[in-house]
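These notes are about the structure you will find just below.
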Amino acid sequence: MNSILGYQLSEYDCGTTSCLNVLRFFFERKEIEPKWIKKIVQLTMDLGHDGTSRRAMQKVASFFRKIGLHVFYATKGNVTVEKIVDCLE
């Protein structure tokens, strides 16, 4: 971890906060480009007071792949310990 992880600012930004924490965890501060932060906020606040859509999280996963992170998108029954371990390795 390169920066302290952030907390949610509201009831609606859990997706945004989680994705920004990905950047904080995997990159040093000087490596994080402002356009990355802007992109994440724009993508993840797509539903306003309803938070982040699944489609937005898929787009963020695709964006993370473009910046060199190994990412998979899984929901509900598709989440397994094996998939999580694979991503961490």
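Once rounded to the nearest 0.5 Å, the distance linking CZ of Arg55 with CG of Leu47 reads 13.0 Å. For the atom pair OG of Ser3 and CG of Asn21, the computed distance is 9.5 Å after rounding to the nearest 0.5 Å. Separation of atoms CZ (Arg54) and CG (Asp46) is listed at 13.0 Å; rounding is to 0.5 Å. Atoms CD1 and NZ, on Ile40 and Lys35 in that order, are 13.0 Å from each other to the nearest 0.5 Å. Rounded to the nearest 0.5 angstrom, Tyr12 OH and Thr17 OG1 are separated by 13.5 Å. Distance check, rounded to the nearest 0.5 Å: CG of Asp13 to OG1 of Thr44 gives 8.0 Å.
Residues forming a side chain to side chain donor-acceptor pair (under 3.5 Å) with Arg65 (at least two apart in sequence, or on another chain): none.
When the side chains of ILVMFWY residues are joined at heavy-atom separations under 4.5 Å, either directly or via intervening members, Leu20 and Phe25 end up in a single hydrophobic cluster. Under the 4.5 Å side-chain heavy-atom criterion for Ile, Leu, Val, Met, Phe, Trp and Tyr, Leu43 and Ile37 are members of the same hydrophobic cluster. Residues Ile32 and Leu69 are members of one and the same hydrophobic cluster, defined by side-chain heavy-atom contacts under 4.5 angstrom among Ile, Leu, Val, Met, Phe, Trp and Tyr.
Closest heavy-atom contact between Met57 and Gly15: SD-CA, 4.4 Å. Across Val71 and Ala61, no two heavy atoms sit closer than the pair CG1-CB, 3.6 Å. Nearest heavy-atom pair across Thr52 and Ala56 is CG2-CB, 3.8 Å. Looking at every heavy atom in both residues, Arg24 comes nearest to Ile4 through CD-O, 3.2 Å.
Of the listed residues (Phe64, Phe27, Phe26), just one forms a ring-ring contact (aromatic ring centres under 6.0 Å, His included) with Trp36, and that residue is Phe27.
Under a 4.5 Å side-chain heavy-atom cut-off, the cluster of Ile, Leu, Val, Met, Phe, Trp and Tyr residues that includes Leu9 has no other member.
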Q. What's the verdict on side chain to side chain contact (heavy atoms under 4.5 Å, CB included) for Ser62 and Lys66, showing C-alpha distance, side-chain angles and the deciding distance?
A. CA-CA 6 Å; Ser62 176; Lys66 289 178 184 175; 4.1 Å; yes
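Annotation for His49: atom NE2 does not count as buried by contact number, only 12 or fewer foreign heavy atoms lying within 6.0 Å.
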